[in-house]
Amino acid sequence: MAKKNVAELLLETLAGAGVERVYGVAGDSLNGITDAMRRREHPRWMHVRHEETAAFAAGAEAHLTGRLAVCAGSCGPGNLHLINGLYDCHRSRVPVLAIAAQIPSAEIGSGYFQETHPEHLFAQCSHYCELVSQPEQMPRVLEIAIQNALSKSGVAVIALPGDIALKDAVTDGPRLHFRPPTPQVRPSEEEINVLADVLNRSTAITILAGAGCAGAHAELIELAGKLKAPIVHAMRGKEFVEYDNPFDVGMTGLLGFSSGYVAMMTCDLLLMLGTDFPYQNFFPEHATVVQIDLRGEQLGRRTKVDFGYVGDTKTTLRALLPRLKQNENEGHLRESLEHYRTTRKSLDDLATANSGKKPIHPQYVARVLDELATEDAIFTCDVGTPTIWAARYLKMNGKRRLLGSFTHGSMANALPQAIGAQVSYPGRQVISMSGDGGFAMLMGDLLTLRQHKLPVKLIIFKNDSLAFVELEMKAAGILDFATDLHNPDFRKIAEGAGLLGLRAETPDQVEPMVAQALKHDGPALVEVLVSRQELSMPPTITLEQAKGFSLFMLKAVLNGRGDEIIDLARVNLLRR
Ligand SMILES: Cc1cc2nc3c(=O)[nH]c(=O)nc-3n(C[C@H](O)[C@H](O)[C@H](O)COP(=O)(O)OP(=O)(O)OC[C@H]3O[C@@H](n4cnc5c(N)ncnc54)[C@H](O)[C@@H]3O)c2cc1C
Ligand SMILES: Cc1ncc(C[n+]2csc(CCOP(=O)(O)OP(=O)(O)O)c2C)c(N)n1
Ligand SMILES: [Mg+2]
């Protein structure tokens, strides 16, 4: 039998680690790998049209499955294109391995055609990034990279020169044969006792729950019941926290609900569980703050913390719950829930069809999507106003999923993430809520839907502008500029690319067209002509107040109508 080469050993190692596919764009320096892939079933090559798409798609796969996902780019420009998507994966803490092909090893350092230094380029967006310069390093370096990606939850990169990939392998096969470890991490007995004591002594407690509460829904609800605590969620926690939750009072943050904001600002004790909610101004100044996170380095990153513990949410809550007394004081919870009911109603009132007349409110589009989507639909939303509509109008239920570029905040994430989602779950409905700006940025990958017959449903929020930036400009007291989009007919572009293309111009067209697209047996695009200025900045923010601050720095929540902000002064009035 012919000896296997380094590329074949690499693929065998990936297959052994459960990797089913590699997203990427082929190139000379990747020839060894793609050629080896041609000759085996797994991993399979997933050809996309831009390497950034490959990285975002791998990130979506890793997020949804919890397993390692892989992308690849050829040397120089091919792997530079991966970088923005990899930043997103790394900052969202999803396990992704990138194969950055490198120029011929003998040319490194000569300023050769397409030469870059991946070890430097990827250093900031990875836990591990190493060059494989001789066959003896394979598979060990690859396995170290995989362990880094999995155990630290993030990106690892191996740079592999094309000539090394084609050399004979020295090692027979993979060296690691264990299942991914599942340690239980929790505070010590002594710490749990102190924590229980602190919680038992407080009456007005609010929980801020984030993505680190995934898998701990039952424990979280039991905890809130014992503490009589409203639960506010951070954006990435939405899919894990909001559903079947009688203590839910919505999200906080500028795009959040005023009820979420107020519940945090009026508590005596804030309990942060698995969250890295980034906006300092939205934390209470005088409350006692308790934070529990799997990673010690996260403690105190966003606000002052009085009690910090390292632990997995589920394991920690299981240890804590038997030691908690029932809080008999319901006042804070009752008020918070009441406020949530009025906030929710006020937001729902905005999501109407306007008696069938123009303009189409984007909120209405999101509501229709929510109503018509399947029980286990996977949604992706672009950075820009689609993030707002997803946060406020999509209902999660424990089976549905929601992905965005929530931490890195890159435009154009929704389509590539939808590709990764659909490839990973061919049987599930995948809906991309795209901005017209974001969609156009990586529009080439519309062709990937056709090429791989991926039945993704693209809903384009066509407002002919970079609307979110317009909002930021208004908040900063400057005139809108550089935000106009002179858009083409996206429906025709979709048709030209072999998709079903539809356009909704009036509110009464939205529901039937979305329904038609969702039922369509194949990829479909619906461009919806939505109103441009749905959330104008309230007049209460003066230029003086806003100067030098971005929208995110303002201590304010957009209430959805644009006629009011909920700021700290008002919250103080609400304080009991
Ligand atoms: C345009 C735009 C606007 C936005 N506006 C808002 C807004 O108004 N409000 C808002 O909330 N967000 C907003 N975001 C998102 C925001 O930037 C953050 O990404 C988000 O708030 C973080 O959510 P999180 O804390 O749930 O998740 P993460 O930031 O992912 O934090 C999760 C934390 O949980 C920890 N963890 C992981 N696993 C476990 C475990 N098993 N046990 C315990 N801990 C664990 C991690 O170490 C981490 O510290 C916006 C994003 C965009 C793009
Ligand atoms: C790659 C990248 N470039 C620029 C930005 C700044 N930015 C944030 S939102 C946004 C506008 C998005 O426009 P669109 O996709 O049309 O969505 P809209 O807000 O109009 O609904 C821009 C330019 C960004 N976040 N990412
Ligand atoms: Mg737009």
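Remember, it's 1-based here, ligands and their atoms both numbered in the order they're listed. Computed over heavy atoms, backbone and side chain alike; hydrogens, waters and symmetry mates excluded. Along the sequence shown, the residues carry numbers beginning at 1.
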Sub-4.0 Å atoms of ligand 2 with respect to non-hydrogen atoms of [X]:
| X | value |
| --- | --- |
| A467 | 18 (P), 19 (O), 20 (O) |
| S465 | 16 (O), 20 (O) |
| V469 | 7 (N), 10 (C), 11 (C), 22 (C), 23 (C) |
| N463 | 18 (P), 20 (O), 21 (O) |
| G438 | 14 (P), 15 (O) |

Among L466, I460, N413, closest by any non-hydrogen atom to atom 13 (O) of ligand 2: L466

State whether the shortest distance between N or O atoms of [X] and N or O atoms of ligand 2 falls below 3.5 angstrom.
| X | answer |
| --- | --- |
| M411 | yes |
| D436 | yes |
| G437 | yes |
| T385 | yes |
| G409 | yes |
| L485 | no |

Ligand 1 and [X], any nitrogen or oxygen pair closer than 3.5 angstrom?
| X | answer |
| --- | --- |
| G384 | no |
| T252 | yes |
| T387 | no |
| H233 | no |
| P278 | no |
| G409 | no |
| G237 | yes |
| A211 | yes |

Closer than 2.8 Å to the Mg ion (ligand 3) - protein N, O or S atoms, ordered by chain and residue number: D436 OD1, N463 OD1, S465 O

Validation row, ring centre H90 to ring centre H127 under 6.0 Å: yes

Validation row, ring centre H217 to ring centre Y243 under 6.0 Å: yes

Review item, side-chain donor-acceptor pairs of residues 439-449, under 3.5 Å, at least two apart:
from, atom 1, to, atom 2, distance (Å)
D445, OD1, R49, N, 2.8
D445, OD1, T448, OG1, 2.4
D445, OD2, H50, N, 3.3
D445, OD2, T53, OG1, 2.6

Sub-4.0 Å heavy-atom contact, D382 with ligand 2: no

Parallel, tilted or perpendicular: ring planes of F277 versus Y279, cut at 30 and 60 degrees: perpendicular

Contact atoms of ligand 1, heavy-atom distance to T407 under 4.0 Å: 19 (O)

For G256, atoms of ligand 1 separated by under 4.0 Å from a heavy atom: 8 (O)

Contacts of type side chain to side chain contact (heavy atoms under 4.5 Å, CB included), residue R236, not counting sequence neighbours: H63, S92, A211, F406, T407

Salt bridge (Lys or Arg N to Asp or Glu O under 4.0 Å) partners of R318, counting only residues at least two apart: E219

